[in-house]
Amino acid sequence: MDNSTYKNKKINVIYNNDKESSNTSNLLKQKLTDRGYEVTKEYDNEAILNICVGGDGSFLTAVHQYSFPEIPFVGINTGHLGFFQEISPTNLDEFLDKLDSKDYIVDSLYLVEALVCTRNSCINLIGVNEIVVKGIESRVIHLNISIDNTYLERFSGDGVIVSTPMGSTAYNFSAGGSIVYTTLDVLQLTPLSPINSKVYRSLTTSSIVPSDMEIQIAPEYRDENSLLITVDGNQHRYENITHIIFKLSNMTINLLNIGKKDFWSNVRDKFL
Ligand code: NAP
């Protein structure tokens with residue numbers, strides 16, 4: 001089978017500004033053109049594939065910048081951690097052969113959604129890796145946490161991370177959370193420096209929450225104006241936050257899996 005089996009041959013190539021990413025994307029664009037694909041000049045919503053050249057960070061930026069497109073992503077890793085960037089710049093031809101022959105599967109990745117409610121309105125946020133609730137200016141915050149409307153704990157500490165399975169290997173992992181296989185439809189609630197003393201008592205380990213349950217977080221009155229919400233590394237500030245409801249989003253994003261490496265070998269190779 002050749003690439004004529006694709007109805008359209010448009011491909012978006014999205015890349016970092018560093019030298020290696022820019023060199024790799026120039027080479028890639030040439031190879032794609034030689035194989036009869038059309039490399040778009042600007043991001044095109046009709047393209048069949050988004051190829052992201054850089055690291056996981058550039059993939060995250062692209063997903064947000066293009067508003068969680070249905071077009072599948074695949075990543076070429078140019079010298080970053082690249083946990084989800086499957087392809088090495090030295091294996092472009094092998095990747096393009098697989099693309100031509102459609103020798104891949106498309107994985108759907110779960111996203112986390114937060115409804116942030118203030119005294120005036122509610123705002124919806126969506127994260128690929130995680131949504132973090134922290135105190136501004138390194139303040140300790142006090143949060144009343146419920147799961148599926150059952151009160152769980154009064155958390156005191158730096159904050160909490162609510163991560164997707166994909167994000168489980170990112171900030172969540174550094175904070176002592178568990179690695180979760182990407183196809184499991186769960187969220188993970190991970191404490192950041194929980195305080196445990198005679199005054200405060202907080203869970204010290206992360207909790208895995210199934211997809212049909214919501215996580216509700218309500219700051220104590222004195223912390224309503226002290227919260228910083230970070231979505232995949234991007235900070236948001238709102239005044240008078242009364243509560244935040246987290247759930248697994250109905251939306252997903254698609255990632256091309258060319259089967260180069262299985263998830264657990266990737267964990268071993270990137271972290272050990
Ligand atoms: P960034 O520099 O873009 O990312 C920080 C590191 O996290 C990079 O090495 C990045 O890989 C890696 N990374 C991102 N997503 C990953 C994933 N799903 N699995 C494994 N590693 C992943 O930092 P940023 O712009 O502030 O925020 C982006 C992400 O960084 C956030 O979503 C958060 O998960 C993570 N972060 C981690 C910490 C921490 O570990 N203490 C603190 C803040 C944020 P590449 O090198 O391939 O880009």
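Values reported hereafter were calculated over all heavy atoms of this structure, with side chains retained and with hydrogens, waters and symmetry mates removed. Counting starts at 1 for both ligands and their atoms, in listed order.
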request  = Please indicate, with yes or no, if any protein heavy atom is found under 4.0 Å from atom 7 (O) of ligand 1?
outcome  = no
task = Could you tell me which atoms of ligand 1, counted from 1 in the order shown, lie closer than 4.0 angstrom to a heavy atom of F84?
result = 18 (N)
inquiry  = Quick test: of every protein heavy atom, which one is nearest to atom 22 (C) of ligand 1, and how far off is it to 0.1 Å?
reply    = D56 OD2, 3.6 Å
inquiry  = Only heavy atoms of S174, strictly under 4.0 Å: list the atoms of ligand 1 that pass.
reply    = 39 (C), 40 (O), 41 (N)
Atom 15 (N) of ligand 1 within contact range, any protein heavy atom under 4.0 Å = yes
task = State the atoms of ligand 1, each with its element, that fall below the 4.0 Å cut-off from a heavy-atom position in T169.
result = 17 (C), 18 (N), 19 (N), 20 (C), 21 (N)
inquiry  = Taking distance alone, with N or O pairs closer than 3.5 Å, would you say F83 contacts ligand 1?
reply    = no
key: Which segment of E130 sits under 4.0 Å of ligand 1 when only heavy atoms are counted   = side chain
task = Taking atom types as modelled, find out whether N12 and N50 have a side-chain donor-acceptor pair closer than 3.5 angstrom.
result = yes
inquiry  = Check whether S168 reaches the backbone of V180 with its side chain - one donor and one acceptor, N or O, closer than 3.5 Å.
reply    = yes
ask   = Would you say the side chain of I51 lies within less than 4.5 Å of the side chain of F95, judging by non-hydrogen atoms?
value = yes
ask   = Which pair of non-hydrogen atoms, one from M251 and one from I126, has the smallest distance, and what is that distance?
value = SD-CD1, 3.8 Å
message = Any side-chain to backbone donor/acceptor pair from T118 onto I241? Under 3.5 Å, distance only.
response = no
key: Backbone or side-chain N or O of G57 under 3.5 Å from ligand 1 N or O   = yes
query = Any donor-acceptor pair under 3.5 Å linking the side chain of S202 with the backbone of S156?
reply = yes
message = Looking only at protein heavy atoms, which one is nearest to atom 26 (O) of ligand 1, and what is the separation?
response = G233 CA, 4.1 Å
message = Show the atoms of ligand 1 that are less than 4.0 angstrom away from any heavy atom in L81.
response = 9 (O), 11 (O), 20 (C), 21 (N), 45 (P), 46 (O), 47 (O)
query = Angle class for the Y238/H236 ring planes (parallel below 30°, perpendicular above 60°, tilted otherwise)?
reply = parallel
query = Under 4.0 Å between a Lys/Arg side-chain N and an Asp/Glu carboxylate O for D100 and R35?
reply = yes
key: Donor-acceptor side-chain pairing of T78 and S21 below 3.5 angstrom   = yes
key: Atoms of ligand 1 close to G82 [distance to a heavy atom under 4.0 angstrom, numbered from 1]   = 45 (P), 47 (O)
key: Check: F73 ring centre within less than 6.0 Å of F84 ring centre   = no
request  = Can you confirm whether something in the protein, heavy atoms only, sits under 4.0 Å from atom 41 (N) of ligand 1?
outcome  = yes
message = To check your reading of the model: name the closest protein heavy atom to atom 38 (C) of ligand 1, its residue, and the distance in Å.
response = Y171 CD1, 3.5 Å
ask   = Would E224 and R119 pass as an ion pair if we require N to O under 4.0 Å?
value = yes
query = Can F271 and F83 be said to form a ring pair (Phe, Tyr, Trp, His ring centres under 6.0 Å), step by step?
reply = CA-CA 9 Å; F271 292 116; F83 190 78; 5.5 Å; yes
request  = Could you tell me whether atom 32 (O) of ligand 1 has at least one protein heavy atom nearer than 4.0 Å?
outcome  = yes
ask   = Can a protein heavy atom be found under 4.0 Å away from atom 4 (O) of ligand 1?
value = no
key: Protein non-hydrogen atom found under 4.0 Å from atom 20 (C) of ligand 1   = yes
ask   = Numbering the atoms of ligand 1 from 1, which are under 4.0 Å from a heavy atom of H80?
value = 45 (P), 46 (O), 47 (O)
query = So which protein heavy atom does atom 18 (N) of ligand 1 come closest to, and at what separation?
reply = N129 OD1, 2.9 Å
inquiry  = At less than 4.0 angstrom from any non-hydrogen atom of G55, what atoms of ligand 1 do you find?
reply    = 47 (O), 48 (O)
